[in-house]
Amino acid sequence: MKKVITYGTYDLFHEGHYNLLKHAKELGDYLIVGVTTQHFDQMRGKMNVVDPILTRIENVRKTGFADEIIVEDHEGQKIEDIQNYDIDIFTVGSDWTGKFDYLNAYCEVRYLPRTPNISSTMIREHAKPILQIGVIGSGRMAPRFIDESRYVSGAYVGAVYNPMVESARAFQEKYQIEVQTEDFDQFVDSVDAVYIASPNETHYEYAKRVLQAGKHVLSEKPLAFTREKTMELYDLAHEKHAILMEGIRTAYAPSFQQLINIAKSGKIGEIRDVEATFTRIADERSRERTDAEFGGAFLEFAGYTMLPIFKIFGLDYEDVTIDSICDENGLDVYTKMQFRYKDGMATAKMGVGVKSEGNLVISGTKGYVLAPSPWWLTKKFDIRYEDASQVDHYDMNFMGDGLRYELAEFVSKINKSEKKDFKLTAEESIRMSDVVEKFMRQERGMK
Ligand code: CTP
């Protein structure tokens, strides 16, 4: 008996899928179809899959071509399956030509002609209008956002705004952006949603103006320097039925959520301490090193370091202290934060002029989680115990620099497919702004 295997997501099942399965079945006597989990798809950078896995499996089953359906949930599984199921032929559509040649070592590899002019991506994009996104600011983050947005279907960067017109024009030209204008209202009118990547002190004003126009906002952190202003933005978003998201990218990465969930699963016992460190020696001429009012280590990194602390211990800390080492201009090159909770404590260390080990360590009564740098792009972590020979390793796939997960979430929220707000809640974002406010009053003399 000749056994054939093929894999796919089979989202919004279409004619191309049907034809592929039909041909695959004709290649042999027994067809196994691997259907990917949403988690696996996200890990390999396929965002915004619409149908739940059971629907996708059911659609494959209904074709009658599959003799067996299995679930694909991890990298490297194809070789395991080929060996376990004793497969003769591996096949996929011609869009993958060459990509699976390495499987020739295990079985025959056949690329089947792809049905032209149809794909799940096309259907997804037709079902929902493509969101026009405008970018405010054309500095360091904006090019990264453009690169990453290419991996997210349903959104398109169509406009750029920067009061420094030269920079905006150069950016427009380089990335072929349609709209570039000095008129802010015109800019907002031309888009459905805005990504704010301008200097820290401008986030609040821009976010407010965009929300007032009823458009959605994804803003780099921090949203604002006070709790009151942060709350005002969330209230405004609510009133205007617009989405407001703070861009702490780590929060939206599936691998980071998994780390937190495993830490809280009881494996390391009761959690008593979290230590999160994020340092980068920034260029002496950069805004982070020269802007003594709105630069510095805290404003650069506190969003990241507070995230695991709040996710693990919650929002009700009893006390927080902040201590900084500043340069001659009063800019914090290094800041340490200490949180006290009823049954635990946490430390955050941040540096733009001091280098340290960028670990995340979550300590419990039975063991600890150790995520090495760059834990904010969670790629791997260990669970370790008293018995040093017992170590559980977790390796995950984290695509790009994380912006794509954040943008995918933003698009899903705008399209209402992602209703639950657990990745970074408004409440979490507001409580982080409490700490930002404390820092600004204490270290920057903000009134
Ligand atoms: N396929 C095909 N013809 C199409 C679309 C897909 O033959 N027009 C094949 C793919 O090559 C693959 C299988 O169908 O072998 C499952 O593909 P999947 O990635 O689920 O479908 P796509 O429509 O390509 O999805 P997306 O747009 O999300 O990439």
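Values below: all heavy atoms of this structure, side chains included; hydrogens, waters and symmetry mates excluded. Nothing here was measured: the structure is a model prediction, and the numbers come from that model. Numbers here simply count residues along the sequence, with the first being 1. Counting convention: from 1, in listed order, for ligands and their atoms alike.
Every residue was checked against the ring-ring contact (aromatic ring centres under 6.0 Å, His included) condition with Phe40, not counting sequence neighbours, and none meets it. Under the side-chain hydrogen bond (donor to acceptor under 3.5 Å, both in side chains) criterion, Glu108 pairs with Arg110, not counting sequence neighbours.
Ordered by chain and residue number, the residues placing a heavy atom less than 4.0 Å from ligand 1 are Gly8, Thr9, Tyr10, His14, Gly16, His17, Leu20, Lys46, Val92, Gly93, Asp95, Trp96, Arg114, Thr115, Ile118, Ser119, Ser120, Thr121, Arg124.
Pairs engaging residues 84-98 under the side-chain hydrogen bond (donor to acceptor under 3.5 Å, both in side chains) rule: Asp95-Arg114 [sequence neighbours left out].
Of the possible donor and acceptor atoms, one in the side chain of Tyr111 sits under 3.5 Å from a partner among the backbone N and O of Phe100. With Lys221 contributing its side chain and Glu246 its backbone, the two residues share no donor-acceptor pair below 3.5 Å.
Rounded to the nearest 0.5 angstrom, Glu239 CD and Glu232 CD are separated by 10.5 Å.
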